[in-house]
Amino acid sequence: MRRRRRGGFRRRLSAVEQRDLHYGPNMTPMVDVVMVILVFFMASTAVLGPEWMLKSALPVKTASAAQTVSDELVQIEVTLKMVEGRPVVDGEGIASADLVQLAAKLKDEAARSGPANVALLATCSGDVPYEVIVKLHELCHDLGISKIGLLEAK
């Protein structure tokens with residue numbers, strides 16, 4: 001035998017009545033906003049990606065590394081540091097020079113032995129902004145020099 005509930009029978013609610021009884025926030029607008037923000041961030045990282053990837057050759061110091069370098073390769077080692085808010089380059093016949101003078105030196109070496117045979121090794125002090133390193137890469141790229149290395153500051 002079936003027991004009867006107290007208070008009689010409950011009638012079935014229609015779908016509209018059940019929806020009206022639902023209490024809580026409507027999640028659809030929030031999901032739409034989150035999806036738009038997600039698409040925005042995905043698109044902005046695709047645009048900014050190439051700026052983060054600079055082609056550099058980070059040298060590894062080993063005993064055999066000096067033997068593998070060809071005689072034709074001209075290595076120019078420079079040190080970048082900041083003096084009074086401007087970048088200063090030292091090394092390889094350049095003393096307290098700016099990037100324009102370094103460009104002239106690199107242009108001479110590239111004309112003498114060819115851009116493919118010139119390698120620039122730069123040691124940057126900790127206060128050199130990343131913008132200066134990017135300018136150094138652009139300068140070498142404009143001259144056709146593709147062998148650029150960053151050395152660890154001592």
Side-chain angles (χ1 to χ4, degrees), residues 15-154:
V16 174
E17 290 173 331
Q18 285 180 350
R19 189 197 74 201
D20 290 341
L21 288 177
H22 175 72
Y23 297 104
N26 186 1
M27 299 301 285
T28 304
M30 185 186 75
V31 170
D32 290 345
V33 169
V34 168
M35 291 301 290
V36 168
I37 291 172
L38 179 66
V39 168
F40 171 76
F41 283 124
M42 287 171 53
S44 65
T45 56
V47 170
L48 295 176
E51 292 178 6
W52 294 334
M53 298 177 198
L54 297 174
K55 293 181 181 178
S56 294
L58 297 176
V60 177
K61 293 183 180 181
T62 61
S64 63
Q67 298 170 356
T68 59
V69 176
S70 67
D71 294 333
E72 300 174 3
L73 186 64
V74 177
Q75 288 187 354
I76 300 173
E77 291 191 31
V78 295
T79 303
L80 283 170
K81 58 186 172 186
M82 295 299 286
V83 176
E84 297 176 359
R86 64 180 187 88
V88 174
V89 181
D90 288 323
E92 296 293 328
I94 301 173
S96 299
D98 58 357
L99 291 178
V100 175
Q101 293 167 330
L102 176 62
K105 169 82 172 164
L106 290 173
K107 187 175 182 179
D108 291 343
E109 287 295 333
R112 186 175 310 129
S113 57
N117 295 328
V118 176
L120 177 69
L121 299 174
T123 303
C124 301
S125 64
D127 58 344
V128 175
Y130 193 66
E131 175 185 356
V132 174
I133 298 170
V134 171
K135 284 182 183 178
L136 184 66
H137 273 78
E138 288 175 355
L139 182 135
C140 290
H141 178 73
D142 292 343
L143 294 173
I145 299 171
S146 60
K147 295 179 178 92
I148 307 162
L150 300 175
L151 298 175
E152 186 177 351
K154 296 175 184 177

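Numbering starts at 1 and runs along the sequence shown.
Asp90 has a carboxylate O that lies under 4.0 Å from a charged side-chain N of Lys81, or vice versa, which qualifies the two as a salt bridge. Ion pairing between a basic and an acidic side chain is recognised when a charged N comes within 4.0 Å of a carboxylate O; Glu109 and Arg112 show such pairing.
To the nearest 0.5 Å, atoms SG (Cys124) and CD1 (Ile133) are separated by 4.0 Å. The line from NZ of Lys135 to CG of Leu102 is 13.5 Å long, rounded to the nearest 0.5 Å. Note: Leu80 CG to Leu136 CG = 6.0 Å, rounded to the nearest 0.5 Å. To the nearest 0.5 Å, the span separating CG on Leu121 from CD1 on Ile148 amounts to 10.5 Å. One distance of note links CG of Leu150 with NE2 of His137; it measures 5.5 Å at 0.5 Å rounding. To the nearest 0.5 Å, atom CE of residue Met30 and atom CE of residue Met35 are 12.0 Å apart.
Heavy atoms only, all atoms of each residue included: Gly144 and Pro115 are closest at O-CB, 3.3 Å. The two residues Lys147 and Leu73 make their nearest non-hydrogen contact at CD-CD1, 3.9 Å. When every heavy atom of Val89 is checked against every heavy atom of Ile94, the shortest pair comes out as O-CG2, 3.8 Å.
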Decide yes or no on side chain to side chain contact (heavy atoms under 4.5 Å, CB included) for Arg86 and Val88, but give the supporting numbers first.
CA-CA 6 Å; Arg86 64 180 187 88; Val88 174; 3.9 Å; yes
Using the rule given for side chain to side chain contact (heavy atoms under 4.5 Å, CB included), can you reason through Leu120 versus Gln75, listing the C-alpha separation, both sets of side-chain angles and the distance that settles it, and then say yes or no? CA-CA 6 Å; Leu120 177 69; Gln75 288 187 354; over 6 Å; no
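Between Glu77 and Leu151, the closest side-chain pair of non-hydrogen atoms falls below 4.5 Å. Leu106 has its side chain within reach of Cys140: a pair of non-hydrogen atoms, C-beta onward, lies under 4.5 Å apart. Between Ser113 and Glu72 there is no side-chain heavy-atom pair separated by less than 4.5 Å.
For CD of Glu17, the number of neighbouring non-hydrogen atoms (other residues, nucleotides, ligands) closer than 6.0 Å is greater than 12.
Judged by distance alone, the side chain of Ser44 and the main-chain N or O of Phe41 form a donor-acceptor pair under 3.5 Å. With hydrogens and angles ignored, the 3.5 Å screen pairs a side-chain donor or acceptor of Asp98 with a backbone N or O of Gln101.
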